[in-house]
Asks: 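I'd like to ask some things about the structure below.
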Amino acid sequence: MDTALTRLVGVRHPVVQTGMGWVAGPRLVSATAEAGGLGILASATMTFPELEAAIAEVKQRTNQPFGVNLRADARDAGDRVDLLIREGVKVASFALAPRKEMIAKLRDHGIVVIPSVGAARHAEKVAAWGADAVIVQGGEGGGHTGGVATTLLLPSVLDAVDIPVVAAGGFFDGRGLAAALAYGAAGVAMGTRFLLSKESTVPEEVKRVYLSQGLTGTVVTRRVDGLPHRVLRTDLVERLESTGRVRGLVQAARNAVRFRRITGLSLPAMVREGLAMKHGNEMTWSQILMAANTPMLLRAGLVEGRTDAGVLASGQVVGLIDDLPTVAEIVEGMVAQAEEILHRLGG
């Protein structure tokens with residue numbers, strides 16, 4: 001399918017696999033690239049050496065274009081940008097807006113810059129700074145999300161900028177792809193649908209938990225890290241939701257102690273990390289502690305399979321997914337269905 005996204009990035013199909021922490025590793029990214037979509041490595045949960053190794057592995061598995069998701073406020077963000085330039089990575093994506101100078105440096109070396117945004121004004125800002133395209137995620141999406149549905153957010157962003165816009169939040173099949181293209185989007189980005197694939201490294205027992213959810217199986221909570229976060233309704237999340245402020249602080253402190261050994265961080269370092277994630281939001285001390293622990297809470301669920309002690313980010317579409325196809329089947333099936341729909345409408 002030929003769109004502004006496929007021409008910009010050099011992929012065959014306008015389908016993006018998002019950079020999900022602990023999920024979007026070399027196997028999933030290379031499978032997406034081989035299927036003709038844009039796979040994006042999640043580097044925020046990787047050390048610098050791990051990112052180097054992951055990029056090398058993807059390049060061994062495929063010669064197709066792929067991307068890396070960067071955290072613009074990471075201490076070694078500059079080194080990571082240099083790594084992408086050195087390795088000739090095609091796309092740099094960002095969950096938080098990168099600095100204007102960072103965008104310019106990446107573009108000067110031929111790297112396509114695609115930040116994720118949650119509002120039209122954010123899209124206008126990064127477009128003015130030189131971003132090549134944006135991913136806009138509506139409230140249906142998993143992980144950190146906003147309160148505006150994709151059906152309203154997408155047209156507002158399309159009206160605000162002239163660069164390609166990729167729609168995210170609520171997409172899982174060809175009907176959604178056809179609808180996004182009809183709105184004027186250049187493609188769609190998906191997380192939960194790719195998480196629930198054969199190539200995803202999420203433990204099988206955790207995948208079964210996802211597949212057992214209905215349309216009300218997710219909740220948007222601020223109790224994880226102080227920011228709106230769409231996750232599955234696990235026992236841990238239910239406890240966090242029902243816990244008062246004092247008990248929440250005690251629970252957060254316990255979690256900090258529990259995950260310190262894995263992170264290798266001291267408790268003060270975790271607090272500093274939480275404060276760094278505050279981003280101007282009003283957060284309680286328990287939320288600040290939980291913010292520092294969020295990556296490890298996600299790791300517990302998505303890597304270790306500990307649904308009792310972990311957080312499982314998920315989009316609302318989880319309630320409509322009941323299978324675990326290959327990545328190729330996901331991409332090819334979406335494109336075929338979308339083409340059939342668009343042909344029928346055009347006819």
Asks: So, does Lys207 use its side chain to make a donor-acceptor pair with the main chain of Leu324 at under 3.5 Å?
Replies: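 Not confirmed, Lys207 side chain does not pair with Leu324 backbone.
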Asks: Could you tell me whether a side-chain N or O of Lys90 sits under 3.5 Å from a main-chain N or O of Leu38, the two making a donor and an acceptor?
Replies: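 Not a single qualifying donor-acceptor pair exists.
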Asks: Does any part of the side chain of Val58, heavy atoms only, come nearer than 4.5 Å to the side chain of Leu41, both counted from C-beta?
Replies: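 Side-chain contact under 4.5 Å: yes.
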Asks: Find out whether Met1 and Arg12 are in side-chain contact, i.e. whether some heavy atom of one side chain is under 4.5 Å from a heavy atom of the other.
Replies: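 The answer is no; the side chains never approach within 4.5 Å.
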Asks: Show the nearest heavy-atom pair for residues Gly187 and Leu181, with the distance to one decimal.
Replies: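 That would be N-CD2, 4.1 Å.
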Asks: Side chain to side chain contact (heavy atoms under 4.5 Å, CB included) for Leu83 and Leu51? Distances and angles first, verdict last.
Replies: CA-CA 9 Å; Leu83 175 63; Leu51 177 57; 3.8 Å; yes
Asks: Do Ile163 and Trp129 sit in the same hydrophobic cluster, where Ile, Leu, Val, Met, Phe, Trp and Tyr count as joined when their side-chain heavy atoms come under 4.5 Å apart?
Replies: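 Ile163 and Trp129: separate clusters.
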Asks: If we only count heavy atoms from C-beta on, is the Phe94 to Leu106 side-chain gap below 4.5 Å?
Replies: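 When only atoms from C-beta onward are counted, Leu106 and Phe94 do touch, with a gap below 4.5 Å.
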Asks: Closest heavy-atom contact between Val165 and Leu158?
Replies: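 So the minimum-distance heavy-atom pair works out to CB-CD2, 3.7 Å.
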Asks: In this structure, would Met20 and Val237 fall into the same cluster of hydrophobic residues linked by side-chain contacts under 4.5 Å?
Replies: yes
Asks: Distance check, rounded to the nearest 0.5 Å: Glu304 atom CD versus Leu298 atom CG?
Replies: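 Reported to 0.5 Å precision, the distance equals 11.5 Å.
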Asks: Answer yes or no: is there a donor N or O on one side and an acceptor on the other, between the side chain of Thr145 and the main chain of Gly142, under 3.5 Å?
Replies: no
Asks: Is there a path of hydrophobic side-chain contacts, each under 4.5 Å between heavy atoms of I/L/V/M/F/W/Y residues, joining Val113 to Val81?
Replies: yes
Asks: Closest approach of Ala300 and Gly310, non-hydrogen atoms and distance?
Replies: CB-CA, 3.9 Å
Asks: Do Val311 and Thr234 have side chains that approach each other closer than 4.5 Å (heavy atoms only, starting at C-beta)?
Replies: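 Answer no - side chains too far apart.
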Asks: Does Arg121, at its CZ atom, have more than 12 non-hydrogen atoms belonging to other residues, nucleotides or ligands within less than 6.0 Å?
Replies: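 Counting neighbours around CZ of Arg121, 12 or fewer heavy atoms of other residues, nucleotides or ligands fall under 6.0 Å, so no.
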Asks: Below 4.5 Å, heavy atoms only, C-beta onward: do Val166 and Val134 meet side chain to side chain?
Replies: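 No, their side chains stay 4.5 Å or more apart.
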Asks: What distance separates Ile40 CD1 from Thr32 OG1, expressed to the nearest 0.5 Å?
Replies: 9.5 Å
Asks: Examine the side chains of Ser93 and Asn69 and answer whether a donor and an acceptor come within less than 3.5 Å of each other.
Replies: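 Present: a donor and an acceptor within the cut-off.
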Asks: For the backbone of Thr47 and the side chain of Glu50, can you confirm whether one donor and one acceptor N or O come within less than 3.5 Å of each other?
Replies: yes
Asks: Decide yes or no on side chain to side chain contact (heavy atoms under 4.5 Å, CB included) for Val29 and Gln17, but give the supporting numbers first.
Replies: CA-CA 7 Å; Val29 170; Gln17 163 255 303; 3.6 Å; yes
Asks: Nearest 0.5 Å please: distance from the CD atom of Gln64 over to the OG atom of Ser30.
Replies: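 Rounded to the nearest 0.5 Å, the CD-OG separation comes to 11.0 Å.
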Asks: To the nearest 0.5 Å, what is the distance between CG on Leu70 and CG on Leu84?
Replies: 5.5 Å
Asks: Within a 6.0 Å radius of atom CG on Asp108, are there more than 12 heavy atoms belonging to other residues, nucleotides or ligands?
Replies: yes
Asks: Using side-chain heavy atoms (C-beta onward) and a distance below 4.5 Å, is Ile85 in contact with Ile111?
Replies: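 Heavy-atom side-chain distance check passes, below 4.5 Å.
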Asks: Looking at Arg80 and Ser43, would you say the former's side chain and the latter's main chain have a donor-acceptor pair under 3.5 Å?
Replies: yes
Asks: Nearest 0.5 angstrom please: Met334 CE to Phe171 CZ, how far?
Replies: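 So the gap between those two atoms works out to 8.5 Å.
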Asks: Grouping I, L, V, M, F, W and Y whenever their side-chain heavy atoms are under 4.5 Å apart, do Val68 and Val327 come out in a common cluster?
Replies: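 No; Val327 is not reachable from Val68 via cluster members.
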Asks: Sub-3.5 Å donor-acceptor pair from the side chain of Thr3 to the main-chain atoms of Ala186, do we have one?
Replies: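 Pair found, side chain donor or acceptor close to backbone of Ala186.
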Asks: For the backbone of Leu196 and the side chain of Arg193, can you confirm whether one donor and one acceptor N or O come within less than 3.5 Å of each other?
Replies: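 Yes, because the side chain of Arg193 sits within donor-acceptor range (under 3.5 Å) of the backbone of Leu196.
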Asks: Can you find a pair of side-chain heavy atoms, one from Ser314 and one from Val231, that are under 4.5 Å apart?
Replies: no
Asks: To the nearest 0.5 Å, how far apart are OG1 in Thr18 and CZ in Phe194?
Replies: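 The OG1 atom of Thr18 sits 8.5 Å away from the CZ atom of Phe194.
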Asks: Tell me whether Glu340 is salt-bridged to Arg344, with the criterion being a basic N under 4.0 Å from an acidic carboxylate O.
Replies: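 Answer for the salt bridge query: yes.
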Asks: Are Glu34 and Thr62 close enough that a side-chain donor and a side-chain acceptor fall under 3.5 Å?
Replies: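 Side-chain D/A pair, Glu34 to Thr62: present.
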Asks: Go through Glu101 and Lys105 one step at a time and tell me if the salt bridge (Lys or Arg N to Asp or Glu O under 4.0 Å) criterion holds.
Replies: CA-CA 6 Å; Glu101 300 77 20; Lys105 183 174 183 178; over 6 Å; no
Asks: Look at Arg208 together with Glu204 and state whether they make a salt bridge at an N to O cut-off of under 4.0 Å.
Replies: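 The answer is no: the pair does not qualify as a salt bridge.
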Asks: If you define the side chain from C-beta out and look only at heavy atoms, does anything of Arg99 sit under 4.5 Å from Met102?
Replies: yes
Asks: Verify side chain to side chain contact (heavy atoms under 4.5 Å, CB included) between Asp323 and Leu211, making sure each step is shown before the conclusion.
Replies: CA-CA 7 Å; Asp323 59 352; Leu211 292 176; 5.8 Å; no
Asks: Do you know the tightest heavy-atom contact between Gln137 and Leu153?
Replies: O-CD2, 3.3 Å
Asks: Are Phe66 and Ile55 close enough, and set up right, to give a side chain to side chain contact (heavy atoms under 4.5 Å, CB included), and what steps lead you there?
Replies: CA-CA 9 Å; Phe66 67 97; Ile55 291 174; 4.1 Å; yes
Asks: Checking the side chain of Arg233 only, and the main-chain atoms of Thr216 only, is there a donor and an acceptor separated by less than 3.5 Å?
Replies: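 At least one qualifying donor-acceptor pair exists.
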Asks: Looking only at heavy atoms, which two atoms of Asp308 and Leu236 are closest? And how far apart?
Replies: O-CB, 3.8 Å
Asks: Val331, Leu195: one ILVMFWY side-chain cluster at the under-4.5 Å cut-off?
Replies: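 Yes, one cluster joins them.
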Asks: Output yes when a side-chain donor or acceptor of Gln337 lies under 3.5 Å from a complementary backbone atom of Gly174, and no otherwise.
Replies: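 Such a contact is found between Gln337 side chain and Gly174 backbone.
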Asks: Looking at every non-hydrogen atom in both residues, tell me the closest pair between Pro228 and Arg222 and how far apart they are.
Replies: CG-NH2, 3.6 Å
Asks: Let's go through Thr218 and Gln316 carefully: what are the C-alpha distance in whole Å and the side-chain angles of both, what is the deciding distance for side-chain hydrogen bond (donor to acceptor under 3.5 Å, both in side chains) to 0.1 Å, and is it a yes or a no?
Replies: CA-CA 6 Å; Thr218 67; Gln316 283 185 302; 4.7 Å; no
Asks: Okay, side chain of Arg230, backbone of Val220: is any donor-acceptor separation there less than 3.5 Å?
Replies: no
